[in-house]
Novice: 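Shown below is the structure under consideration.
Counting begins at 1 with the first residue of the sequence. The analysis underlying the following values was restricted to heavy atoms, covering all of them including side chains, and did not include hydrogens, waters or symmetry mates.
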Amino acid sequence: MLIKGTVFFHGTVNVQALYFHIGETERKCFIEEIPDETMVIGNYKTQLFDKNVNDYLPSSPGVGMHVEVKDPDGKLLLSKVYSSEGRFTFTSHTPGEHVICLYSNSTKWSMFAGGKLRVHLDIQVGEHANDYQTIAEKDKLTELQLRVRQLLDQVEQITKEQNYQRYREERFRQTSESTNQRVLWWSIAQTLILTLTGFWQMRHLKGFFEAKKLV
């Protein structure tokens, strides 16, 4: 079943930056294909439409956003209410399509009923989610050491994505084989039905001609 307001991204994408509009009780969901054991960071901020200036202005802290993340098996990985601007993080444990949903905490901005929120969202996957400047300061890495760390992370992410593509290929192969097997059995069933129908028609016609003493 598809979720209303869902935006689909095809393939494994490392960075997604966009904005969308959302109503008071509206939910927006995004499907992201993510390899296993991969960290995902989402940064967002909300703006509320101001009729006085006819433009979107930064929302007050009381305007909350609920973030919900489910893995390909439907298991809830994250469900938390944040403020009008913030960051959410989670780590995938199962490769496949993860559903990321955002919706407004309507009880805290019911006074703006009928209004619209503009939500700016930036989703970073894999090594793109790492803040290497903070890592360098924390671990006291030189520029060369930091570059090596980045390369190692990139290689690890490429390996994960290759494994995920192999996983997708295996699932596609299984689906194809299952479909081919069903088509084969359906063809056999059709042949049997046609054969039995022809046999029954021949016997019926033979009985008819014998009853009419035509043969």
Side-chain angles (χ1 to χ4, degrees), residues 1-49 56-132 134-135 138 153 156-157 160-161 163-165 167-168 171:
M1 179 180 67
L2 300 182
I3 304 173
K4 185 178 180 181
T6 300
V7 178
F8 296 91
F9 297 108
H10 299 281
T12 301
V13 183
N14 292 323
V15 179
Q16 300 289 354
L18 64 133
Y19 75 84
F20 55 89
H21 297 99
I22 188 171
E24 182 180 2
T25 58
E26 191 176 359
R27 169 189 293 240
K28 288 287 185 179
C29 295
F30 305 87
I31 292 181
E32 188 80 26
E33 290 185 309
I34 306 172
D36 60 341
E37 302 304 326
T38 300
M39 184 173 68
V40 179
I41 293 179
N43 295 288
Y44 75 91
K45 67 176 181 179
T46 60
Q47 295 175 309
L48 187 64
F49 185 76
Y56 287 90
L57 300 178
S59 303
S60 63
V63 179
M65 291 296 295
H66 193 115
V67 180
E68 185 178 284
V69 180
K70 291 184 178 181
D71 69 5
D73 298 326
K75 181 180 178 182
L76 194 64
L77 296 179
L78 175 68
S79 180
K80 187 176 179 181
V81 178
Y82 295 85
S83 63
S84 59
E85 182 175 350
R87 165 184 289 195
F88 61 89
T89 63
F90 67 92
T91 301
S92 63
H93 301 293
T94 304
E97 295 180 344
H98 289 66
V99 181
I100 304 172
C101 295
L102 294 91
Y103 53 95
S104 64
N105 186 2
S106 58
T107 58
K108 290 191 176 183
W109 65 296
S110 57
M111 65 184 73
F112 303 108
K116 281 282 187 179
L117 276 178
R118 174 181 287 176
V119 182
H120 296 263
L121 178 64
D122 178 24
I123 298 177
Q124 299 176 329
V125 181
E127 81 277 2
H128 296 276
N130 294 330
D131 186 350
Y132 286 104
T134 302
I135 293 174
K138 180 180 178 181
D153 289 344
E156 183 181 1
Q157 186 62 29
K160 289 179 180 179
E161 292 184 4
N163 291 335
Y164 175 60
Q165 293 303 324
Y167 166 78
R168 289 186 60 190
R171 289 195 61 183

Novice: Going by ring pair (Phe, Tyr, Trp, His ring centres under 6.0 Å), name the residues that satisfy it together with Phe20, two or more places apart in sequence or in a different chain.
Specialist: Phe30
Novice: Run the side-chain contact (heavy atoms from CB on, under 4.5 Å) check on His66 and Ser79 step by step: do they pass?
Specialist: CA-CA 7 Å; His66 193 115; Ser79 180; 3.0 Å; yes
Novice: From Ile41 CD1 over to Thr91 OG1, what is the distance, rounded to the nearest 0.5 angstrom?
Specialist: 9.0 Å
Novice: Taking all non-hydrogen atoms of both residues, which atom of Pro35 and which atom of Tyr164 are closest, and how far apart?
Specialist: CB-CB, 4.0 Å
Novice: Could you list the residues that satisfy side-chain hydrogen bond (donor to acceptor under 3.5 Å, both in side chains) with Asn163, not counting sequence neighbours?
Specialist: Arg166
Novice: Checking side-chain contact (heavy atoms from CB on, under 4.5 Å) for the pair Gln124/Asn43: CA distance, chi angles, key distance, verdict?
Specialist: CA-CA 8 Å; Gln124 299 176 329; Asn43 295 288; 4.2 Å; yes
Novice: Who pairs with His21 by side chain to side chain contact (heavy atoms under 4.5 Å, CB included), at least two apart in sequence or on another chain?
Specialist: Tyr19, Tyr56, Arg118
Novice: Roughly how far apart are Leu18 CG and Ile123 CD1, rounded to 0.5 Å?
Specialist: 7.0 Å
Novice: Applying side-chain contact (heavy atoms from CB on, under 4.5 Å) to Glu97 and Glu32, what does each step give before you reach the verdict?
Specialist: CA-CA 5 Å; Glu97 295 180 344; Glu32 188 80 26; over 6 Å; no
Novice: Tell me every residue that passes side-chain hydrogen bond (donor to acceptor under 3.5 Å, both in side chains) with Ser92, counting only those two or more places apart in sequence or in another chain.
Specialist: none
Novice: Closest heavy-atom contact between Leu102 and Ile22?
Specialist: O-CD1, 3.6 Å
Novice: Given side chains that start at C-beta, do those of Phe90 and Ile100 come closer than 4.5 Å, heavy atoms only?
Specialist: yes
Novice: Among Lys45, Met65, His120, whose side-chain contact (heavy atoms from CB on, under 4.5 Å) with Glu85 holds?
Specialist: Lys45
Novice: Checking side-chain contact (heavy atoms from CB on, under 4.5 Å) against Glu33, which of Arg168, Glu161, His98, Gln165 comes through?
Specialist: Arg168
Novice: Show the nearest heavy-atom pair for residues Pro72 and Pro95, with the distance to one decimal.
Specialist: CG-O, 3.5 Å
Novice: How long is the straight-line distance from CG of Leu121 back to CZ of Phe88, given to the nearest 0.5 Å?
Specialist: 5.5 Å
Novice: When you compare the side chain of Val67 with that of Lys80, does any pair of heavy atoms fall below 4.5 Å?
Specialist: no
Novice: Under the salt bridge (charged side-chain N to carboxylate O under 4.0 Å, His left out) rule, what pairs show up with a residue in residues 67-77, not counting sequence neighbours?
Specialist: Arg27-Glu68
Novice: Going by side-chain hydrogen bond (donor to acceptor under 3.5 Å, both in side chains), name the residues that satisfy it together with Thr94, two or more places apart in sequence or in a different chain.
Specialist: none
Novice: For Glu156, enumerate each residue passing the side-chain hydrogen bond (donor to acceptor under 3.5 Å, both in side chains) test, keeping only those at least two apart in sequence or located in another chain.
Specialist: none
